[in-house]
Amino acid sequence: MGILNVTPDSFWDGGRYRQVDAALAHGLQLIAEGADILDIGGESTRPGASTPGAGEELDRVIPVIEKLRQRSDIPISIDTCDAEVMQAAVAAGASMINDVSALGRPGALAAAVAAGVPVCLMHMQGDPQSMQRQPSYIDVVTEVRDFLVQRAAECMAAGLPRDCLILDPGFGFGKNLEHNLSLLRDLDVLVAAGFPVLVGLSRKSMLGKLLGRAAEDRLPGSLALAVAARQRGARIVRVHDVAATLDVFRTLDAVEDPRGTAGAGPEGHEQNSVSRTGVSE
Ligand code: 9MG
């Protein structure tokens, strides 16, 4: 899943794709790099970020979705917590909802049921304004798993089909470094709940804490975290760096399944037969 933030203030790419043409070009670039899904967001969820009104969020994302829809049939995920934005984005051509508040805002659950598209439910302790102040858990792995399973049950009771639900532990959302590492180390506990698992680890501040590196120098760390998540059963990996992540996954595919290289050219440089296991299958 390639990330396309159409925001002024996201931690890594904030402000770069505010103009529709720049966002469209970047979306097409992510598709060319091999993304299976594009996640388009108009509200930053970085710690301390403020919430734009639904009107502003709509102005940011809808033209980009419409333009991309004219140029590609790639599945588009709308990254929003707002019911009105969900509804408008799906009408404009989005076919998935990514909600970091797990459909917790007023009207969001009803909007998702009406939309009838897959939904990613993410765990967050607190809200983006306050979540990193003092995150606290007794057992982060089971608490996050139990919250997500309970929320999935509530969503199913409200009418969302089970096979439309994707769960996400929400790395960095009300979690300190130890919490994040425990969640990743024991990701199989969440995977065992039986829903596809999505992870977002790309260039996040946990890598800043771990390696002492700024966001622009966190690609190697991000790739290592993506591999760790894939090895533990993550099915969708939300990343800024699609080409680099796919190179790593394709290489692992070839090592893990020798049939993955069948049909590659004599030098083994072609990409036509290596599956994208770990991204969308
Ligand atoms: C929007 N967004 C930022 N980080 C994210 C993460 O880790 N998961 C999901 N689902 N969305 C995210």
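We count ligands from 1, going down the list as the structure has it; atoms in each ligand are counted the same way. Side-chain atoms are counted along with the backbone in the values below, which use heavy atoms only and exclude waters and symmetry mates. By convention here, the first residue in the shown sequence is residue 1.
- Taking only nitrogen or oxygen atoms, main chain and side chain alike, Gly200 reaches within less than 3.5 Å of ligand 1.
- Counting heavy atoms from C-beta on, the side chains of Ile166 and Asp168 never come closer than 4.5 Å.
- With sequence neighbours excluded, the residues forming a side chain to side chain donor-acceptor pair (under 3.5 Å) with Gln29 are Glu33, listed by chain and number.
- With a heavy-atom cut-off of 4.0 Å, Val199 does not touch ligand 1 at all.
- Close approach to Met122 involves these atoms of ligand 1, each under 4.0 Å from a residue heavy atom: 6 (C), 8 (N), 9 (C).
- Met206 has its side chain within reach of Leu225: a pair of non-hydrogen atoms, C-beta onward, lies under 4.5 Å apart.
- Residues Leu181 and Leu210 are in side-chain contact: their nearest non-hydrogen atoms beyond the backbone lie under 4.5 Å apart.
- Using bins of under 30°, 30° to 60° and over 60° for the plane-to-plane angle, the ring pair Phe147/His123 lands in the perpendicular bin.
- Contact annotation: Cys120 has at least one heavy atom less than 4.0 Å from an atom of ligand 1.
- Of all the heavy atoms of Asp39, none lies under 4.0 Å from any atom of ligand 1, so neither backbone nor side chain is involved.
- Listed by atom number, the atoms of ligand 1 under 4.0 Å from Leu198 heavy atoms are 10 (N).
- Ligand-side atoms of ligand 1 in range of Asp79: 1 (C), range being under 4.0 angstrom from any heavy atom.
- The shortest contact between atom 6 (C) of ligand 1 and any protein heavy atom is with Lys204 NZ, 3.5 Å.
- In this structure, atom 3 (C) of ligand 1 lies nearest to the protein heavy atom Arg238 NH1, 3.2 Å.
- With respect to atom 11 (N) of ligand 1, the closest heavy atom belonging to the protein is Asn98 ND2, 3.1 Å.
- Of the candidates Asp168, Leu167, Thr80, the one placing a heavy atom closest to atom 8 (N) of ligand 1 is Asp168.
- Listed by number with element, the atoms of ligand 1 under 4.0 angstrom from any heavy atom of Val100 are 1 (C), 2 (N), 11 (N), 12 (C).
- A distance of 10.5 Å separates CG in Asp39 from CD1 in Ile76, rounded to the nearest 0.5 Å.
- At least one side-chain heavy atom of Leu103 sits under 4.5 Å from a side-chain heavy atom of Met86.
- With sequence neighbours excluded, the residues forming a side chain to side chain donor-acceptor pair (under 3.5 Å) with Asp139 are Thr142, listed by chain and number.
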